[in-house]
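Quick notes on the structure that follows.
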Amino acid sequence: MIRFILGKFLYLIPTFLGITIVAFGFVRILPGDPVLLMAGERGISPERYAQLSHQLGYDKPIWQQYLDFLWRLAHGDLGNSIVTKKPVLTEFLALFPATIELGLCAILIATLVGVPVGVIAAIKRGSWFDQLAMTTALVGFSMPIFWWGLLLIILFSGTLGWTPVSGRISLMYFFPQVTGFMLIDSLLSGQKGAFASAVSHLILPSVVLATIPLAVIARQTRSAMLEVMGEDYVRTAKAKGLSEGRVVGVHALRNAMIPVVTTIGLQIGVLLAGAILTETIFSWPGIGKWMIDSISRRDYPVVQSGLLLIAAVVMIVNLIVDLTYGLINPRIRHQ
């Protein structure tokens, strides 16, 4: 098991180096000049331009800028925002809990709904439930997030008035951020109605963000269950007279969960990509909206380091998923 874990860690090194090259190159091809951005509308003299370029290191060759970037990265220095002058890591850590809260709620909805739907659709293959579930999943997978989000806002916020349009909690409530997770902080605040307000603000963006992962998980679960249900050990379990619930839950579902866990892990990247649109639509103060705002403001250090941090999160999640394989199926550890 230790060798299995070390092997997975070694794969992360070249992957992370490749991501640093992509992030470093991406900000260089964005239009605009960060030095002129710092100068603002007042303009800048050639002497001052040269001074700021030297201060930011933009007067060095590209390869040297990249090596300097790696050196600072190795020492935990992700740079400072050009706009706010704050360290990028500080801003990321302040906003990341909002994205984690939204993403966890979304993947929880997608898993709790998608897995049972996929299992039932596989057991009742060809039935009206199977056809309705898979058709709905295909529609959900094909639906653009921004369009789906706007439809839900119009229906539930505009027409029915059931949920708020934007933000994480009503402006009526104010309390110190202890954990950064609004659901937890609202409970700790002890203010009446604060938790309900936080939940009402979280429902719509979570459902929108969960739509595509839910569709993928449901279809993958159905496919994996259909494959497993045809195996000899499942037929043997049925021949022994075991109940259908035990055959499905103990013998079939556990083995079918390996590709499903893979799918759930891969959806983390989809969630982070979808969070950019979802947070923008619902004005959710997370890293997705932060990245969009930084790109529009040409805040290159934030864009560059933000990409690295998001990629690092996805890599860690995928590593956890790989380790989970070994727990679900010990044979994988020896491959």
Side-chain angles (χ1 to χ4, degrees), residues 81-86 88-110 140 143-187 189 191 193-214 267-299 302-303 305-307 309-310 313:
S81 168
I82 294 177
V83 177
T84 65
K85 313 299 181 186
K86 297 180 180 179
V88 174
L89 185 59
T90 301
E91 292 190 350
F92 180 86
L93 294 178
L95 298 172
F96 194 45
T99 299
I100 293 180
E101 187 173 50
L102 178 61
L104 285 178
C105 289
I107 199 65
L108 190 63
I109 292 172
M143 191 174 298
I145 287 181
F146 66 90
W147 183 73
W148 177 230
L150 292 175
L151 283 182
L152 292 186
I153 289 175
I154 293 173
L155 176 60
F156 291 100
S157 300
T159 304
L160 300 177
W162 290 355
T163 58
V165 177
S166 61
R168 299 181 70 188
I169 196 169
S170 173
L171 296 177
M172 295 173 55
Y173 304 100
F174 178 78
F175 43 82
Q177 297 288 324
V178 179
T179 64
F181 299 98
M182 191 58 68
L183 294 179
I184 298 176
D185 290 342
S186 60
L187 282 175
S189 70
Q191 297 184 26
F195 179 74
S197 177
V199 171
S200 65
H201 281 75
L202 186 59
I203 291 175
L204 273 191
S206 296
V207 170
V208 170
L209 190 56
T211 301
I212 293 179
L214 192 157
Q267 293 308 303
I268 301 299
V270 177
L271 285 175
L272 289 175
I276 295 177
L277 288 174
T278 305
E279 291 179 1
T280 302
I281 294 171
F282 291 92
S283 295
W284 189 266
I287 59 171
K289 188 174 184 300
W290 175 60
M291 289 290 290
I292 288 292
D293 293 341
S294 299
I295 292 174
S296 63
R297 296 182 299 192
R298 305 295 188 268
D299 196 344
V302 170
V303 176
S305 299
L307 286 173
L309 291 169
I310 293 173
V313 171

inquiry  = Using the rule given for side chain to side chain donor-acceptor pair (under 3.5 Å), can you reason through Q191 versus S186, listing the C-alpha separation, both sets of side-chain angles and the distance that settles it, and then say yes or no?
reply    = CA-CA 7 Å; Q191 297 184 26; S186 60; over 6 Å; no

Can you tell me how far apart [atom1] ([X]) and [atom2] ([Y]) are? Round to the nearest 0.5 Å.
X: T99; Y: K289; atom1: OG1; atom2: NZ; value: 11.5 Å
X: S81; Y: L89; atom1: OG; atom2: CG; value: 13.0 Å
X: T211; Y: I109; atom1: OG1; atom2: CD1; value: 9.0 Å
X: S206; Y: L271; atom1: OG; atom2: CG; value: 10.0 Å
X: H201; Y: M182; atom1: NE2; atom2: CE; value: 9.5 Å
X: I153; Y: F282; atom1: CD1; atom2: CZ; value: 4.0 Å

Minimum-distance pair of heavy atoms, taken over all atoms of [X] and [Y]:
X: T163; Y: L204; value: OG1-CD1, 3.1 Å
X: A275; Y: L209; value: N-CD1, 3.5 Å
X: P97; Y: G180; value: CB-O, 3.4 Å
X: A98; Y: G286; value: CB-CA, 4.1 Å
X: M291; Y: V302; value: SD-O, 4.0 Å
X: A198; Y: I169; value: N-CG1, 4.1 Å

Could you check whether any side-chain heavy atom of [X] comes within less than 4.5 Å of a side-chain heavy atom of [Y], counting everything from C-beta outward?
X: I310; Y: I287; result: yes
X: F146; Y: I281; result: yes
X: R168; Y: L202; result: no
X: I203; Y: W162; result: no
X: W290; Y: E91; result: yes

key: F96: ring-ring contact (aromatic ring centres under 6.0 Å, His included) partners, not counting sequence neighbours   = F92

ask   = For F195, which residues count as a ring-ring contact (aromatic ring centres under 6.0 Å, His included) partner, sequence neighbours excluded?
value = none

query = Hey, is CG on L160 packed in by over 12 heavy atoms from elsewhere, all under 6.0 Å?
reply = yes

inquiry  = Going by side-chain contact (heavy atoms from CB on, under 4.5 Å), I145 matches just one of I212, L150, T280, I276. Which one?
reply    = I212

ask   = Under the criterion side-chain contact (heavy atoms from CB on, under 4.5 Å), which of S200, S197, S157 is the partner of P164?
value = S200

message = Donor-acceptor check, side chain of E279 to backbone of P285, threshold 3.5 angstrom: yes or no?
response = no

ask   = When you look at W284 and T278, which way does the side chain to side chain contact (heavy atoms under 4.5 Å, CB included) test go after all the steps?
value = CA-CA 8 Å; W284 189 266; T278 305; over 6 Å; no

